[in-house]
Protein chains: 2
Amino acid sequence: MRIGELSKRTDTPVRMLRYYEARNLIVSERLHNGYRDYDDYVVDRVRQIRGLLDVGLPTRIIGQILPCLDSPITIHMPYVTPDMVATLEEVRDRMAEKIECLTKNHTAIGDYLRAAGFDAEAS
Amino acid sequence: MRIGELSKRTDTPVRMLRYYEARNLIVSERLHNGYRDYDDYVVDRVRQIRGLLDVGLPTRIIGQILPCLDSPITIHMPYVTPDMVATLEEVRDRMAEKIECLTKNHTAIGDYLRAAGFDAEAS
DNA sequence: TTTGACCCTGACATTAATGTCATCCATCGA
DNA sequence: TCGATGGATGACATTAATGTCAGGGTCAAA
């Protein structure tokens, strides 16, 4: 698909799609004219990238870990360098911290809303 | 305590503490000389702020929700405006999304590391 | 063939969170 | 009293993610 459709399907500005490509987070073929052409799997990829960005990961890190989270359960993993392992462990641990922080505050907001009489569902 | 100590106790650059104050996330008294003087509870507050920033919340939002997450279980909550309720619900929902995203990727990294033979513990 | 929708590249602006300085006041110990 | 340390304000720089334009092709439908 071309960039416009990818943009719509991922609800992501075209500008950003080109940016992600520049940061090597996604790739694209080129049509006879110079138009970018994306494979379908890129849709999910972009969504994942956005999610990670939204959660505070910088593109630099995303680019490093993305290849390791690619397929269902790691189709091809060449020699994993110790460096990469360290990075992954680091990222994994920081994610755990974030989850904890988010969970705590998510709960607190729920409690508050409930105490204030609003919003009885959706804890 | 003065800003230096707060900085150490929260592992936060002094620069940032002044910044958070400028954004109305924390407050401080002033000593006879112009030095800032912080109450003890500010330590936790700063840690919470950092956590929220780290997880992608902008200071503008943090400033809005912080007062609602202040005390153990909401000591004083004046008339909660419908606007505030809407904001809180919005933030709460976005947090849930983030938690889901993080959990998913956290798991994926764990799986990868395990599959790669590294890191057998700490799922 | 003309027009409008799409795409391309590249430059510049912006917002947020931070880093870095410079300049000056305050305090306390040697 | 001097000097080191710590604090204050304010200006300027930077990095990342994004927004916005400008100038210029592609192509299909009218």
Side-chain angles (χ1 to χ4, degrees), chain A residues 1-39 42-43 45-66 87 91 94 97-98 101-102, chain B residues 1-39 42-43 45-66 87 91 94 97-98 101-102:
Chain A
M1 82 198 75
R2 285 177 312 179
I3 205 169
E5 191 185 339
L6 180 59
S7 169
K8 270 167 204 153
R9 303 224 298 202
T10 59
D11 192 39
T12 302
V14 166
R15 171 74 173 81
M16 285 301 97
L17 295 174
R18 301 210 186 92
Y19 176 67
Y20 299 153
E21 183 172 321
R23 316 282 353 233
N24 295 305
L25 303 186
I26 55 179
V27 293
S28 65
E29 306 292 307
R30 292 298 178 129
L31 300 174
H32 56 83
N33 49 11
Y35 294 13
R36 261 166 269 251
D37 185 36
Y38 298 97
D39 283 346
V42 178
V43 173
R45 181 114 171 178
V46 170
R47 294 203 181 113
Q48 185 176 26
I49 291 169
R50 299 227 108 203
L52 292 172
L53 277 174
D54 185 50
V55 107
L57 293 230
T59 53
R60 198 192 101 252
I61 298 293
I62 297 178
Q64 284 181 37
I65 69 172
L66 219 40
T87 298
V91 171
R94 291 189 50 46
E97 286 172 27
K98 290 180 191 227
C101 170
L102 278 167
Chain B
M1 83 200 74
R2 286 176 314 181
I3 205 169
E5 192 186 338
L6 180 60
S7 169
K8 271 167 204 152
R9 303 223 299 201
T10 59
D11 192 38
T12 302
V14 166
R15 170 75 173 81
M16 284 302 97
L17 295 174
R18 301 212 186 91
Y19 177 67
Y20 299 153
E21 184 172 321
R23 317 271 10 218
N24 295 304
L25 303 186
I26 56 178
V27 293
S28 64
E29 306 293 307
R30 291 300 176 127
L31 300 174
H32 57 85
N33 49 13
Y35 293 14
R36 262 165 268 252
D37 185 38
Y38 299 96
D39 284 346
V42 179
V43 173
R45 181 112 169 178
V46 170
R47 293 202 181 114
Q48 186 176 26
I49 292 169
R50 299 227 109 202
L52 291 172
L53 277 174
D54 184 49
V55 107
L57 293 230
T59 54
R60 198 192 101 253
I61 298 293
I62 297 178
Q64 284 181 36
I65 69 171
L66 259 188
T87 298
V91 171
R94 289 189 52 44
E97 286 172 27
K98 291 180 189 226
C101 170
L102 278 167

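Scope of the values below: all heavy atoms of this structure, side chains included, with no hydrogens, waters or symmetry mates. Lettering of chains follows the sequences in order, A, B, ..., and the numbering in each one begins at 1.
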Checklist entry - Does the pair A:Val46 and A:Leu25 meet the rule for a side-chain contact (heavy atoms from CB on, under 4.5 Å), with working shown? => result CA-CA 8 Å; A:Val46 170; A:Leu25 303 186; over 6 Å; no
Checklist entry - Rounded to the nearest Å, what distance is computed from the CG atom of residue A:Leu6 to the P atom of nucleotide C:dC7? => result 10 Å
Checklist entry - Whole Å only: how far is the CZ atom of A:Arg60 from the P atom of D:dA16? => result 9 Å
Checklist entry - Closest heavy-atom contact between A:Val42 and A:Val27? => result CG2-O, 4.3 Å
Checklist entry - With nearest nucleotides of DNA chain C determined for B:Gly34 and B:Leu53 from heavy-atom distances, which residue corresponds to the more 5′ nucleotide? => result B:Leu53
Checklist entry - Without hydrogens or angle criteria, can the side chains of A:Arg9 and A:Tyr38 be said to hold a donor-acceptor pair below 3.5 Å? => result no
Item to check | Interface with DNA chain C, restricted to residues 13-33 of chain A and to heavy atoms under 4.0 Å | outcome: A:Arg18, A:Arg30
Checklist entry - Which whole-number value in Å describes the distance from B:Glu5 CD to D:dG6 P? => result 12 Å
Checklist entry - Roughly, in whole Å, what's the span from CD1 in B:Ile61 to P in C:dA17? => result 11 Å
Item to check | Nearest-nucleotide comparison on DNA chain C, the residue closer to the 5′ end among B:Arg2 and B:Pro58 | outcome: B:Pro58
Item to check | Any donor-acceptor N/O pair under 3.5 Å between C:dC6 base and A:Tyr35 side chain | outcome: yes
Checklist outcome for this item: Residues B:Ser28 and B:Glu21: closest non-hydrogen pair is OG-OE1, 3.0 Å
Next on the checklist: Can you give me the closest heavy-atom contact between A:Val43 and A:Thr10, atom names plus distance?
Outcome noted: O-CG2, 3.7 Å
Checklist entry - Please give, in whole Å, the distance from C:dA17 P to B:Ile62 CD1? => result 7 Å
Next on the checklist: Tell me the interatomic distance from B:Ile3, atom CD1, to D:dT9, atom C1', rounded to whole angstroms.
Outcome noted: 12 Å
Checklist entry - Can you check the B:Leu57 CG to C:dA16 P distance for me, whole Å? => result 14 Å
Checklist entry - At under 4.0 Å, does any side-chain N or O of B:Thr59 touch on OP1 or OP2 of C:dA16? => result no
Checklist entry - Judged by atom type as modelled, is there a donor-acceptor pair below 3.5 Å linking the side chain of A:Asp37 to the main-chain atoms of A:Leu31? => result no
Checklist entry - So, A:Lys98 side chain and B:Leu102 main chain: donor-acceptor pair closer than 3.5 Å or not? => result no
Next on the checklist: Side-chain N or O of B:Arg36 versus OP1/OP2 of D:dG7: is the shortest distance under 4.0 Å?
Outcome noted: no
